[in-house]
Amino acid sequence: MEVKLREIAPSRVRTALLAVPVTDKGLGDGLARRLDRQLKGRLAALVKRSGFVARRGSSLLAATHGAIPAEHVLLVGLGKHEEEGLHAWRMAGAVTAKEGGRVWADEAIFMLPPDQQTESVVGAVAEGALLNAYRFTRYRSNDKQKARLRTLILGRTASGRNAALTRALRNARLSASAVCLARDLVNEPPSTATASYLSEQATAHCRGEGLKVEVWDKKKIERMKLAGLLAVNQGSREEPRFIHMRYKPKGRPQRKVALVGKGITFDSGGLSLKPARSMETMKIDMAGAAAVIGVMSVLPELAPDVEVLGLVPTTDNLPDGGAQKPGDVIRYLNGKTVEVMNTDAEGRLILADALLLAAREKPDCMINLATLTGACIVALGNEVAGLFSNDDELAGKLIQCSRDAGESLWQLPLTPEYREDIKSQVADIKNVGGGSAGAITAALFLQEFVGETPWAHLDIAGPAFTAKGHVVCPKGGTGFGVRTLLNLLSGSQPE
Ligand code: BES
Ligand code: MN
Ligand code: ZN
C-alpha cells in the first residue's frame with residue numbers, strides 16, 4: 001500500500017471512500033458536521049439509528065448516493081476527546097485501510113482535522129494503515145483476490161510544514177517495514193527459518209550506511225565460549241549462529257544501546273519435551289530476534305544519533321541423542337555455573353551468553369526481548385508484555401515509548417527474595433525456579449548476567465503472536481517490540 005499526503009477539499013473530492021475521524025463528542029462542529037449538512041442530515045440520522053459510538057477502532061460507513069462526489073463517508077472513532085493518544089490515530093488509519101478494502105476501494109482519503117496536521121498524527125495514521133495491510137501469503141496457493149486498498153491519501157486542508165510531515169510519513173513507512181520484516185521472520189515455517197536462515201535474512205536486510213552484520217558460525221561460537229548457546233544446540237542437527245550487528249551514526253553518537261533478541265527458531269522443549277499442543281506455535285520463539293533484526297534493518301535510513309549493538313543468539317531446541325540433559329552443568333564466560341534442571345528453560349541459557357557480551361561493551365543501556373515464559377502469559381495475557389528492569393529511568397522511558405507505539409508493557413518486580421528459588425545444590429544457580437512466579441525467576445536468572453549495566457528485559461511470550469488477529473495485525477506474528485524500540489532510539493517522547 002502507498003500512503004501520500006495531499007491537499008484535499010473534502011466536499012468536492014471524487015473518491016471511493018472519504019474517512020473522517022470523530023471523537024465521542026459525536027459529529028462535533030467540524031468536517032463531519034459539514035458533510036452531514038451536505039448529506040441533508042442523513043449522517044446524523046444513521047449515527048442515531050445504528051447507535052454508533054466513536055470508540056477507538058470503531059467505524060460507521062455511509063453511502064452518499066451522489067450528494068457529494070465521494071461515494072462513501074466513513075466515520076472513524078477515536079475514543080474519548082480528552083484522551084485520544086497516538087494509538088487512537090494509528091487504529092484509525094488501520095480501520096480506514098480495512099474498511100476501504102471492504103467497499104472495494106482502490107483509493108481512500110483520510111481527512112486530517114485542521115488542528116491535527118502534526119508529524120505524530122500523520123505518522124501514526126500512515127503506520128496504522130500500513131500495518132493493517134500486512135499479509136503473509138507466501139504459502140497460500142489459491143488466496144482469493146481479497147479486496148485491498150492500494151492507496152491511502154492523508155488529506156490536509158492547510159499548507160505549510162510540508163517537509164516535516166513528509167519526513168513523518170517516511171518514518172512511518174520505515175517503522176512499518178521493520179515491523180513487517182519481523183512478522184515475516186516469525187511467520188516463516190520453522191524448518192525453513194533456521195539459525196542460518198535468520199542469519200542470511202539479517203545479512204540481506206541489514207545494509208546501508210553505518211550498519212555492519214557479522215555472522216558467527218559454530219567454530220567462532222566455540223572460540224568465543226558461548227556455552228549456553230552450544231549447550232542448547234547440542235540436541236539439534238542445525239548449526240547454531242550468533243548474529244552480531246552494529247549501527248554507528250555519522251559523527252559522535254549521543255549514547256550506545258545494546259539490543260538482544262532470543263532466537264530459538266523452534267522450541268520443542270528439548271529432552272524436557274513439550275506436549276504437542278504447546279509446540280504448535282513454537283516457531284514464534286525467535287520473535288525477540290525478529291524484532292531486533294527488524295529494528296536494525298531501518299537504522300541506516302532512520303539515522304538516529306545512537307550507536308546500536310544488536311545481538312542474536314540463535315538455534316532450535318530439539319532432543320536428539322546429543323541433547324543436553326537435565327542435571328548437566330554449563331560454565332559461562334564470566335565463570336558462573338548453571339545447572340540445567342529443565343531443558344525447556346532454554347531461552348535464558350542462550351540470552352545469558354549474549355547479555356555477557358553486550359555488558360562487556362559498556363553500553364548506556366541494554367534491552368533484551370524474549371518469548372521467555374508461559375508464566376508471563378498467565379500473568380498478563382496476550383496483549384501485554386512483561387517489563388523487568390534494574391533501572392527505573394530506563395523502565396519509565398520504555399513505558400512512555402511503548403504507549404506511543406500502541407504496545408502495552410507492564411512492569412513486574414525483580415523480587416530479591418525469589419533469588420532463593422534459583423539456587424542450585426550443584427552449581428551457582430539453576431535454570432528454573434520453584435514453580436510459582438516463573439516470569440520473575442526467569443528475569444532474575446537473566447539479571448545474573450547483566451552486572452551493573454542499566455538493563456531491561458521484555459518478556460514478549462504473550463504479545464509476540466496473535467491467534468485472533470486485530471486491526472493493526474492479522475493472525476500470526478505481530479512484530480511486537482519493534483515500534484517501542486524505534487521510539488526509544490529516535491528519542492521521540494510523548495508530546
Ligand atoms: N518459549 C517458551 C515460552 C513460551 C511459552 C513462549 C508459550 C510463547 C508461548 C520457553 O522456552 C519455555 O518453554 N518456558 C518454560 C519455562 C519453564 C520450563 C521454567 C515455560 O514457560 O513453561
Ligand atoms: Mn522452552
Ligand atoms: Zn523457548
Side-chain angles (χ1 to χ4, degrees), residues 186-187 190 193 195 198 228-229 231-236 240 260-291 312-319 323-328 338-354 368-386 388 412 418 421-424 429-446 457-468 475-478 480-481:
V186 171
N187 288 332
L198 266 195
L229 181 56
V232 174
N233 181 252
Q234 269 174 222
S236 172
V260 173
K262 170 178 173 182
I264 294 291
T265 57
F266 183 76
D267 184 11
S268 75
L271 284 179
S272 312
L273 197 65
K274 286 182 186 295
R277 291 305 303 268
S278 315
M279 245 186 256
E280 283 173 5
T281 55
M282 276 306 134
K283 69 174 183 183
I284 70 154
D285 216 13
M286 34 58 75
V312 169
T314 173
T315 174
D316 45 14
N317 183 26
L318 289 174
Q324 65 170 339
K325 305 168 186 75
D328 279 351
V338 171
E339 186 183 15
V340 178
M341 289 312 287
N342 189 320
T343 63
D344 197 12
E346 82 297 338
R348 62 199 79 179
L349 298 180
I350 69 169
L351 289 168
D353 289 321
N368 74 264
L369 291 88
T371 45
L372 203 63
T373 66
C376 199
I377 309 180
V378 174
L380 299 175
N382 284 100
E383 296 297 329
V384 185
F388 299 85
L412 296 173
Y418 298 159
D421 293 7
I422 57 171
K423 279 193 176 155
S424 157
I429 51 174
K430 58 187 166 95
N431 76 331
V432 287
S436 42
I440 299 177
T441 48
L444 287 169
F445 181 97
L446 297 180
H457 153 52
L458 306 186
D459 192 332
I460 60 170
F465 180 84
T466 173
K468 293 190 210 145
K475 291 173 186 169
T478 57
F480 187 95

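We count ligands from 1, going down the list as the structure has it; atoms in each ligand are counted the same way.
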Considering only heavy atoms of [X], which atoms of ligand 1 have at least one such atom less than 4.0 Å away?
X    : result
N342 : 18 (C)
G374 : 3 (C), 5 (C), 20 (C), 21 (O)
V432 : 19 (C)
M282 : 1 (N), 4 (C), 5 (C), 6 (C), 7 (C), 8 (C), 9 (C)
E346 : 11 (O)
A461 : 6 (C), 8 (C)
K262 : 1 (N), 10 (C), 11 (O)
I377 : 7 (C), 9 (C)

D285 near the Mn ion (ligand 2) via N/O/S, less than 2.8 Å: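 No - counting backbone and side chain alike, D285 has no N, O or S atom under 2.8 Å.
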Check: R348 N/O within less than 3.5 Å of ligand 1 N/O: no
Is the side chain of [X] donor-acceptor paired with the backbone N or O of [Y] at a distance under 3.5 Å, no angle test?
X    : Y    : result
T371 : I460 : no
S424 : K430 : no
D459 : G386 : no
D353 : G228 : yes

Closest D267 atom to the Zn ion (ligand 3) [N, O or S only]: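 Result: OD2.
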D344, portion touching ligand 1 at heavy-atom distance under 4.0 Å: both
Side chain, backbone, both or neither: N317 near ligand 1, heavy atoms under 4.0 Å: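 The answer is neither.
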Atom 11 (O) of ligand 1 touched by protein (heavy atom, under 4.0 Å): yes
Salt bridge (Lys or Arg N to Asp or Glu O under 4.0 Å) between K274 and E280, intermediate numbers included: CA-CA 10 Å; K274 286 182 186 295; E280 283 173 5; over 6 Å; no
Residue K325 excluded, over 12 heavy atoms near NZ under 6.0 Å: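 Atom NZ in K325 is packed in, count exceeds 12.
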Chi angles and distances behind the side chain to side chain contact (heavy atoms under 4.5 Å, CB included) call for I264, T315: CA-CA 5 Å; I264 294 291; T315 174; 3.9 Å; yes
N/O/S atom name from D267 that is nearest to the position of the Mn ion (ligand 2):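 D267's closest N, O or S atom to the Mn ion (ligand 2) is named OD2.
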E346 atom (N/O/S) at minimal separation from the Mn ion (ligand 2):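 Of all N, O or S atoms in E346, the Mn ion (ligand 2) lies closest to OE1.
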Closest protein heavy atom (residue, atom, distance) for atom 14 (N) of ligand 1: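 Nearest neighbour among protein heavy atoms for atom 14 (N) of ligand 1, to 0.1 Å: L372 O, 3.5 Å.
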So, for [X] and [Y], which heavy atoms are closest and what is the spacing to 0.1 Å?
X    : Y    : answer
A437 : Y418 : CB-CE1, 3.8 Å
L198 : A289 : CD1-CB, 4.2 Å
A375 : A439 : CB-N, 3.5 Å

N, O or S of K262 under 2.8 Å from the Zn ion (ligand 3):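 So K262 does bind the Zn ion (ligand 3) by this criterion.
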Opening angle between OD2 in D285 and OE2 in E346, taken at the Zn ion (ligand 3), to 10 degrees: 100°
